[in-house]
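The structure appears below as structure tokens.
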Amino acid sequence: MVYAYYPGCTLKTHAKGFELSAMASLEKLGVKYRELEKWTCCGTVYSLASDDAMRQVAQVRILTRAESAGYRRMLTLCSMCYNTLKRANMLVRSDPERLETINMFMDDEPDYKGSVEVKHLLEVLRDEVTFDKIRSMVSKPLRGLRISAYYGCLLLRPKTVSIDSSINPHVMEDLLSSLGAEPIDSPEKAKCCGAYLTVNRKDLVAGFAYEILSAARRRGAELVVTSCPLCFFNLDRRQEEVSRMYEDYKPIPILYVTQLLALALGIRDVYMFNLHYVDPTSLLKSKGLL
Amino acid sequence: MGYGVFICHCGQNIAGTIDIEKLVRKVSGIRGVTHVEDYIFMCSDPGQERIKKAIKEKNLEGIVVAACSPSLHEETFRKAAESVGLNPYLVEIANIREWSAWPHQAEPEEATMKAFKIIESTVEKLNGDKPLEPLRLEVVRRVMVIGGGIAGIQAALDVAEAGIEVILVERSPSIGGRMAQLSETFPTLDCPQCILTPKMTSVAHHPLVKLLAYSEVEEVSGSAGNFKVKVRRKPTYVDWNKCVGCGLCMEACPVELPSEFEMGLAHRKAIYIQFPQAVPNKAVIDSENCIRMKYGRGCGLCAQKCPANAITFEDNGKAEEYDVGAIIVATGLEVMDKANFAEYGAGELKDVLTGLEFERMLAPSGPTGGKVVRPSDGRVPKEVVFIQCVGSRDPENWNPYCSKICCMYTAKQALLYKHAVPGGQAYIFYIDIRADGKGYEEFIHRAMAEEGVIYLRGRVGRVYQEGDKLRVEGVDTISGLKIVIDADMVVLATAAVPSSGVEELAKKLRIQLGEGGWLKEAHLKLRPLETLTSGVFIAGAAQYPKDITDTVSQASGAAAKAVAFLSKGYVVREPLIAVVNEDICSGCGNCEEACSYQAIKVVDGKANVDESLCEGCGSCTAACPSGAVQLKNYDKRQIIKMVESIVG
Amino acid sequence: MQLVIWRSKIHSPEVEKIIELSGQNVYSCYQCGMCTASCPSTGNMDIPPNMIVRLIQIGMIGKVLDSRSIWVCTSCFTCFAECPKGIDIASLTEALRLYHLRRNIDHLNLSSIPHGELLELPVIAMVGALRKFTA
Amino acid sequence: MIRAVLRGDVHKQAVSLLTELLSKGLADYVLAYRTRGEGVEACIYRKGDVLDLNVFTPTIPGLPIPTILSWSSTSGLKGVVAAIVKPCMARAIVELAKLQQIDRDKLIIVSVDCIGTIDVENYKDLLEEGFTQTGITEECLNGRLEMREACGLCTDPVPPVFDLHLSPYKGGLYAYAGSKLGNKILEVLKAPREEGDPYVKFKNLISRRQEEKQRYVEEAKFKGFDELQKFFEDCIGCHNCMEVCPLCFCKECFYDSPRYDYVTRRFLSWSPQDGMTPLLQSKLQFHVGRAVHMSTSCVECGLCEQACPKDINLTRLFLLLAEANQELFSYRAGRSVEEEPPLRTFHAEGLSSFEGG
């Protein structure tokens, strides 16, 4: 079955390396996908108000476009897209009245019937491709690379949309092990990165980043991976602020989990490391991976 | 002639909402009703006298008492009627209190109408009622007690002391149960070994008690007074007639496994005696892990060492059948595994213990000889955090109920820790302190005020390893502060849950489980020791978490219930059971499939009801496509008439 | 310090509105504090999450509406994941924010952020913040 | 599957096979239909009788063979019966056996190819018009004669369960063995044997009918309760549908019993008290009640419609119900002896939904 690939805003700009590495890896692993035509913004954050159908229209419009184009499954890379689309989908599936209202809002689109499943890339890798298959296809094992996986919030919470345990997840660790790397467990792996507070409270976000990254470093990690462009930005770019706040702080490279996947699968030229604030190339070179 | 209706005011319970005068007037108009009377308390002696008098004087053919739920006073009114010669099954209760007066306090007029409808429909039912005679069955004067913890031991002793034979069944190699695992008991700080061991010995040696250790109930048939129980004696691979419990075999055995009794904090061998004071003090071989048993050859070191030549390696166990009149279920509780709690390390953090594990550590006979040390590095912990309500009072994730015993045992453990480590600091995170027993509040006071345990009101969100410390992130909701403690050890008061396997046992016994899997009592207030299956009683924590005091009291209560049940020599059973109209029955067997009590069987193409087994539940009547099976005095026709009178 | 309470204060229209908007039953909270204990932002808050619920329970809605806490909550749902009574406090803080935002009182003023910083922010952060903090 | 090849006239071969069953003591009785002046009637043959039966009769009369078999267990008919049945009736037999109404051990199911039957009312007229039996079948298949609606949607020209299955072919008759007993019979008969598959020649027919049926089920759905009420408007409450149903096995139907003296007129007495009182139709209760009892074992034979004096389209109702309710339990009536009838299988877990948790 072919996935409708929903990129979302940042995958085409700041997180280009995330998209390129993910797409190249999926092709190599034989997962079929096509980018959804005419996709729009997912809304970024899921509206938590009980009376606000308007704020679910964006997500349902995306879902109905996928449905009417004949897709049954939608693939997301960004945690926030995953969360908003999945929650909106669950809401309208369980609340026909809400769905009807939203369908009325969307004059220009066919009514959504609720037949699309929203999946995150990690779920697809785990459940469809399987890590065993990935292990067998690794051409350049990430031997000796000590990596802390950072999940953030929206892949794990609320529990209804979680792709793994919402307190102690291990899907990324399992993936990293299959790539030959050494996962480092950190108690801060499911802690919030501060999200959109990065706009008006970068001091707070830097505080979160410091706690998350120093906990990983203390446990011996050389690298932190994530699968969300906003987490990435907050952990990577805000290290500038962290360094300002803590003088002895030593920056640590942040990668998208798919960049490591692509590396291990021997794919070239999809990394866009120039978009990273903390340059990972010297670390990767020292491990013989570049 | 005709029917009488007796309307109870129940003080203000009914009369406060329902217009009695109007109700009496309306009820007088029901066809067939020749006598209506109201009174403030029908269940009182003068109330009953009124009923008796009316039955005699008016020569009533049947009566309806409009009062509270039949589970409370149906029996009372039946007896009153019987004493003046009216068949007790021509007494019907119209429940106008729970069904109308209480739920409709805000709408008295409608409540009065509803009460009338209830009475009217009950009169309709009475119309179809037939006089019945109760069934009488002889009983077997023998009791089976399932579970050999303190509850089972106490119940067995009490029954035996009353001169009735007891079969005590315990699934592990020794009796003693959870109490045998404890360090000291609150609030008196008695050593459980000192008070439990004598009871274990006396139950094992009582002439009227037959102890079946390492055995499980496999099948139960029959009914109250006449149960047949098949017990499987599990294979021990050791001849217990020869075994003297010297323990040389254990020394010889090369296989080490985590000990269940020590909660995994110490090892046992593949051949083992459960614990030093075990009763019976006999060894068993864990056949799954014994080298000789696994490969069929080799090793055999234990057999070489055994001075009594008791080790056989061959034993298929056996099934034995016992006839018993009553059964007492005393299967006790377990605590939840810490691996369930991801926020507290999911069992990966070595220095996070459950209460029961810590209990073993505190026990003088335990794996550390009563020393408190960290399992990770053997150091004495200076800062210990106790967390209560782990998995309890948590309807969203685990159990909605309060485990009841944790407040007290946590206080005790904190206190014992302070005794073991004088310079140490204990912290207890709690939501509420429930100290509702004799001397309990004083005990908490002692922990707080005299022994310096710090109580923090709130829960802990997370525990994780930070260096060689456990970082505890909690909250104190009284000060409104987030609390961080770098602890050396964390003890979780994990929720009490019913013993594993109780679900299957309940199915075999045909008793119900309630919320959380605890055994369901017949009535929470008035029949807490009985189950809805007559002849089966409950003792101890199988019903709900209990401390030792409550467990022992309840065990004695259950024993008294069982003794009283058997001492009459016969059981009387309600005749309200299924009956088959053979002219209509086509023998399809739907009823047989529907019956949970194996009480109805198709014999020669006709359904046939075993009166001693039928509980009168009505499943068969619902399953019968043609209506050939009916309940006595609950005939479909009566029910349709009742419905008619309500909707009409 | 004392607080005088009466029925219509506890169930004031503001309280009812917040409860309705959030869809949460705050009265099932028994103040175990799990939310505060697990919340990553407690350190930045003036009123911890459990206290927010408590204050709503006793009708002190004004104090909650004025608090800084509702603007540093990142809707990470850790409280919701841990709450034994299944109360989604993130939805509660959202309702409290909306109380202001629906009166057209923005919390975020983009012009106060240096232009250079705005340029380097990813779209995802901008849209998220605008949706959470502006009317 | 093993089949015996019996060359020669199809009818004669079938009769001689059945005669041999009786003479060799494999069966004590043969139960089948024969054509008589009035139309078609069921007949029981014993050893020595002339078997003037009609193996491939293109109609099913209102006294179905499964019903006769269910009576036979309580009558004087002691011994093994070989029943010659259409596939739908073979499925009904399997259902009744599960409900303990038929002793499967004392029964040889001899099924025959069936691509459809005509209404029994028309049968006599057609014979008088000069049609032969095979002629009727052929004309049905070519669409020149109307077969019963249920038959047009039937996807079982060969039943899923049988002991022997008789299937004409050019030049003779195949007798397939569908069970151990069938194999044994073929051994005793000593006819030349070979491998074969009775379903294969109907492959196209089955797939075509499956599609048709699917379309039918989609289109024929009832739109609400009002339509159902209208559907039964003409019902006169004769209960004929129940009488001919091969699966209604109760000795006394609840709806015929004194327990059900809960009649419409009783509502009349309520009206003066309560004002406007819509009168419930007891006939609708009868049909809904019957539907509840039958839908999971219904074999969609359509005999109920054939028997209805008011020509109510009962095939539609029962086909829809059977499809929907059997699918609900992943069950298909008459598919296998092992499959447990859904409404008769009680699971303790199911209880919780009634106890509310």
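In what follows, chains are A, B, ... by sequence order, proteins preceding strands, each numbered from 1.
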- Query: Looking at C:Ser22 and A:Ser50, what are the two nearest heavy atoms and their distance?
  - Reply: N-OG, 4.4 Å

- Within 6.0 Å of NZ in C:Lys9, more than 12 heavy atoms from elsewhere: yes

- Checking heavy atoms, do the side chain of C:Glu120, its backbone, both or neither come under 4.5 Å from chain A? both

- Answer with side chain, backbone, both or neither: which region of C:Ser41 has an atom nearer than 4.5 Å to a non-hydrogen atom of chain A? both

- Determine, for C:Phe133 and A:Arg201, whether the Lys NZ or Arg CZ falls below 6.0 Å from the six-membered ring centre while staying within 45 degrees of the axis. no

- In Å and rounded to the nearest 0.5 Å, what is the CZ to SG distance from C:Phe80 to A:Cys153? 14.0 Å

- So, the part of C:Cys79 with a heavy atom under 4.5 Å from chain A: the answer is neither

- Message: Within a 6.0 Å radius of atom CD on A:Glu100, are there more than 12 heavy atoms belonging to other residues, nucleotides or ligands?
- Response: no

- In terms of heavy-atom pairs under 4.5 Å with chain A, the winner among C:Leu92, C:Asn44, C:Ile113 is C:Asn44

- Query: Heavy-atom distance under 4.5 Å to chain C: side chain of A:Ile167, backbone, both or neither?
  - Reply: side chain

- At a heavy-atom separation under 4.5 Å, does C:Leu98 approach chain A through its side chain, its backbone, both, or neither? side chain

- Query: Measuring heavy-atom distances to chain C, does A:Cys41 have an atom under 4.5 Å in its side chain, in its backbone, in both, or in neither?
  - Reply: side chain

- Task: Drop me the distance from A:Thr198's OG1 to C:Ile124's CD1, to the nearest 0.5 angstrom.
- Result: 11.5 Å

- Heavy-atom distances under 4.5 Å only: say whether C:Leu21 touches chain A with side chain, backbone, both or neither. both

- Note on the structure: Comparing A:Ala49, A:Ala15, A:Gly8, A:Ala195 against chain C, the one with the most heavy-atom pairs below 4.5 Å turns out to be A:Ala49

- Task: Measure C:Ala95 against the heavy atoms of chain A and call it side chain, backbone, both or neither at under 4.5 Å.
- Result: neither

- Query: Going through the checks in order, is the side-chain contact (heavy atoms from CB on, under 4.5 Å) test met by A:Tyr196 and C:Val127?
  - Reply: CA-CA 8 Å; A:Tyr196 41 79; C:Val127 178; over 6 Å; no

- Message: So for A:Arg55, is it side chain, backbone, both, or neither that comes closer than 4.5 Å to the heavy atoms of chain C?
- Response: both

- Query: In terms of heavy-atom pairs under 4.5 Å with chain C, which of A:Ser166, A:Gly207, A:Pro158 leads?
  - Reply: A:Pro158

- Query: For A:Leu204, is it the side chain, the backbone, both or neither that has a heavy atom under 4.5 Å from a heavy atom of chain C?
  - Reply: side chain

- From C:Thr78 atom OG1 to A:Lys191 atom NZ, the distance as rounded to the nearest 0.5 Å: 9.5 Å

- Pick one of side chain, backbone, both or neither for A:Thr10, based on which atoms fall under 4.5 Å of a heavy atom in chain C. side chain

- Item | Closest contact, heavy atoms only, C:Ala129 versus A:Val199 | CB-CG2, 3.6 Å

- Does any heavy atom of chain C fall under 4.5 Å from the side chain of A:Tyr46, the backbone, both, or neither of them? backbone

- Quick one: OG1 on C:Thr93 to CG on A:Leu48, what's the gap to the nearest 0.5 Å? 7.5 Å

- Message: Return the CG to CZ distance between C:Asp88 and A:Arg157, rounded to the nearest 0.5 Å.
- Response: 11.5 Å

- So, the part of A:Cys78 with a heavy atom under 4.5 Å from chain C: the answer is side chain

- Item | Which of C:Ser91, C:Gly23, C:Pro122 touches chain A most, by non-hydrogen pairs under 4.5 Å | C:Pro122

- Can you find a pair of side-chain heavy atoms, one from A:Leu154 and one from C:Phe77, that are under 4.5 Å apart? yes

- Query: How many angstroms lie between OG1 in A:Thr84 and CZ in C:Arg131, if you round to the nearest 0.5 Å?
  - Reply: 8.5 Å

- Query: Do C:Pro40 and A:Cys192 come close enough that some side-chain heavy atom pair is under 4.5 Å?
  - Reply: yes

- Query: Where on C:Ser75 is there a heavy atom nearer than 4.5 Å to chain A: the side chain, the backbone, both, or neither?
  - Reply: both

- Non-hydrogen atoms of C:Ala125 and A:Leu230 that approach each other most closely: CB-CD1, 3.5 Å

